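Shown next, in structure tokens, is the structure this report addresses.
Only a predicted model underlies this, so the values are computations on that prediction, with no experimental measurement involved.
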Amino acid sequence: MYKSHGVCRGFFWCIFLTGIYWQMHVPWHVAPTFAGEIFIHQNSLPAMSKEKILVIGASGQIGVELTMALRNIYGNANVIASDLREQNPLLEGTGPYVALDVMNKEMLHVQVIRQGITQIYLLAAILSATGEKNPGLAWHLNMQGLLNVLDIAREEKLHKVYWPSSIAVFGPTSPRQNCPQQTIIEPTTVYGISKYAGEFWCDYYFQRYGVDVRSIRYPGLISYKSAPGGGTTDYAVEIFHEALEHKHYDCFLKEDTYLPMMYMPDAIRGTIELMEAPAEKIKVRHSYNLSGMSFSPKEIGAEVAKHIDGFTMAYKPDYRQTIADSWPQSIDDSVATKDWGWKPEFDLAAMTRDMLRNLPVQLNVS
């Protein structure tokens, strides 16, 4: 019985891979449909649409908005969203979606070949606060997922790979103010350790194999479209939700804890600008510092109170305070500005106005 099952599996994979070969190598007007799908040969598409992008982790905080932005540029059909989770409602009906586990290298490779992928944006990760609850899992997912993507990019000669790093790579020995691109880096969380190791893997695959992999060290990200994913800077999103619904927020950090932050529209624009920049302008193959603003819980609370009468705030620091205390208070992103022209557009006041203008629509509150 076991042997017959093995034969059946072998026959299935033979037929499956034969179908993939036809989809990839036969002109669209004679290529057969396979598994109920119709494939159009990329040579029949406009120049911009020749890129076929796979976004891994598309249902997460960054993934939702980045997927939508990429679809606006490359066309809905040319940006495939994927995640282990259910598709985010904001993405429903906007383009193709596949359930995909980045840890399953074989099936990821099949999807890359099958869909004719030319670029991968790898956003799947376990973040800082969540990672401290299960360090082994965080290391395994954050590292092996990246290595799977880099190996496939090398083998299939993908045009580009995007992988985000984080300010979590910095530690208590890094400069607290205007932390520079190159400095002492001694992370204290498994998330930061995995991101720093990942930066070196990105540089290695570029130097050794020529894989065009690009990266940004994101600060804390703030968005009204998607929920945060378990990071230490999540308070800067939660405060808006609680202010609108309850006019009060209990913050898990101290009132004077300054951290680098960025509004999501700036983060998405910066990511796309980095990826669209000519390769010769990309001088940093580890990961670029990027910054938008720096503020404390007390400062953002005061800004929110300007728009919501009666808003109050209390401070109840928990285990995330230790993580926050190990990170820089502000970031020097002058290298990104010099290399590919990065410049943020939102400050604290502008971000607060925009959040409070748009979030009530998302929450369906007045």
Side-chain angles (χ1 to χ4, degrees), residues 48 50-58 60-63 65-67 69-71 73-74 78-80 82 102 108 112 117-125 142-143 145-169 180-182 185 194-219 221 262 264-292 331-344:
M48 178 65 81
K50 287 184 178 180
E51 296 291 347
K52 200 73 173 288
I53 298 171
L54 176 65
V55 181
I56 302 173
Q61 184 189 21
I62 303 171
E65 298 191 46
L66 185 56
T67 298
L70 290 169
R71 284 175 172 168
I73 296 170
Y74 292 96
N78 296 312
V79 179
I80 294 116
S82 70
V102 71
L108 173 59
V112 168
I117 298 300
T118 62
Q119 296 185 30
I120 293 179
Y121 286 67
L122 173 57
L123 307 175
N142 294 352
M143 277 292 88
L146 173 60
L147 289 172
N148 288 348
V149 167
L150 290 175
D151 269 344
I152 292 169
R154 172 182 60 84
E155 187 170 337
E156 298 302 327
K157 297 179 171 56
L158 300 191
H159 297 171
K160 295 174 189 174
V161 172
Y162 178 75
W163 174 82
S165 186
S166 165
I167 61 168
V169 300
Q181 179 69 49
Q182 294 183 315
I185 295 182
S194 68
K195 286 298 184 182
Y196 194 38
E199 290 186 10
F200 280 93
W201 277 119
C202 290
D203 185 68
Y204 178 83
Y205 270 77
F206 171 73
Q207 301 293 346
R208 181 75 182 269
Y209 304 116
V211 176
D212 187 355
V213 55
R214 307 180 184 194
S215 179
I216 286 171
R217 290 170 179 160
Y218 286 129
L221 297 179
M262 181 177 289
M264 189 64 79
D266 272 346
I268 300 302
R269 180 176 55 82
T271 301
I272 292 174
E273 287 178 359
L274 170 69
M275 291 296 282
E276 294 296 320
E280 61 269 18
K281 288 183 178 260
I282 308 303
K283 309 297 184 184
V284 176
R285 290 294 178 166
H286 293 85
S287 191
Y288 276 101
N289 278 5
L290 216 65
S291 182
I331 297 292
D332 177 1
D333 57 6
S334 58
V335 175
T337 300
K338 174 177 173 290
D339 286 359
W340 44 275
W342 161 248
K343 184 179 180 182

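Between Ile73 and Ile272 the shortest side-chain heavy-atom distance falls below 4.5 Å. Residues Asp212 and Val161 fail the side-chain proximity criterion, which asks for heavy atoms closer than 4.5 Å. Using a 4.5 Å heavy-atom cutoff, the side chains of Ile62 and Ile268 are in contact. Using a 4.5 Å heavy-atom cutoff, the side chains of Leu158 and Val112 are in contact.
With a 6.0 Å cutoff to the six-membered ring centre and a 45° limit on the axis angle, Arg214 does not count as a cation-pi contact of Tyr162.
When atom types are taken as modelled, the side chain of Arg217 and the backbone of Leu290 share no donor-acceptor pair closer than 3.5 angstrom. The backbone N or O of Val102 sits less than 3.5 Å from a side-chain atom of Asn148, completing a donor-acceptor pair. Counting only distance, with no hydrogens or angles, the side chain of Gln119 and the backbone of Lys160 share no donor-acceptor pair below 3.5 Å. Side-chain N or O atoms of Asn78 include none that pairs as donor or acceptor with a backbone N or O of Lys52 at under 3.5 Å. In terms of modelled atom types and a separation under 3.5 Å, the side chain of Ser82 and the main chain of Val55 share a donor-acceptor contact. A distance-only check finds no donor-acceptor pair linking the side chain of Asn142 to the backbone of Ser194 [under 3.5 Å]. For the pair Ser165 (side chain) and Ser287 (backbone), a donor-acceptor distance under 3.5 Å is absent. Side chain of Arg71 to main chain of Val79: a donor-acceptor pair is present (N/O by atom type, distance under 3.5 Å, no hydrogens or angles). At least one donor-acceptor pair closer than 3.5 Å links the side chain of Ser215 to the backbone N or O of Trp163.
The aromatic rings of Trp201 and Tyr204 sit perpendicular, their planes meeting at an angle over 60°, well past the 30° parallel limit. Between Trp342 and Trp340, the angle of the ring planes lies from 30° to 60°, which puts this pair in the tilted group.
The heavy-atom pair separating Arg285 from Val213 by the smallest distance is NH1-O, 3.1 Å. For the residue pair Val169 and Tyr196, the shortest heavy atom distance occurs at CG1-N, 3.6 Å.
The pair Glu273-Arg269 meets the salt-bridge criterion, since a charged nitrogen lies less than 4.0 angstrom from a carboxylate oxygen. In summary, Lys343 and Asp333 do not engage in a salt bridge, as defined by a charged side-chain N under 4.0 Å from a carboxylate O.
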Open item on the list: Using side chain to side chain contact (heavy atoms under 4.5 Å, CB included), reason through Ile53 and Tyr121 one step at a time and then give a plain yes or no.
Closed with: CA-CA 7 Å; Ile53 298 171; Tyr121 286 67; 3.6 Å; yes
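Around CD of Glu280, the count of heavy atoms belonging to other residues, nucleotides or ligands within 6.0 Å exceeds 12.
Atoms SG and CG, from Cys202 and Leu122 in turn, are 9.0 Å apart once rounded to the nearest 0.5 Å. Note that OG1 of Thr337 and CG of Asp332 are 8.5 Å apart. Values are rounded to the nearest 0.5 Å. For the atom pair CD of Glu156 and CG of Asp151, the computed distance is 11.0 Å after rounding to the nearest 0.5 Å.
Inspection of the Thr271 and Tyr218 side chains reveals an N or O donor paired with an N or O acceptor under 3.5 Å.
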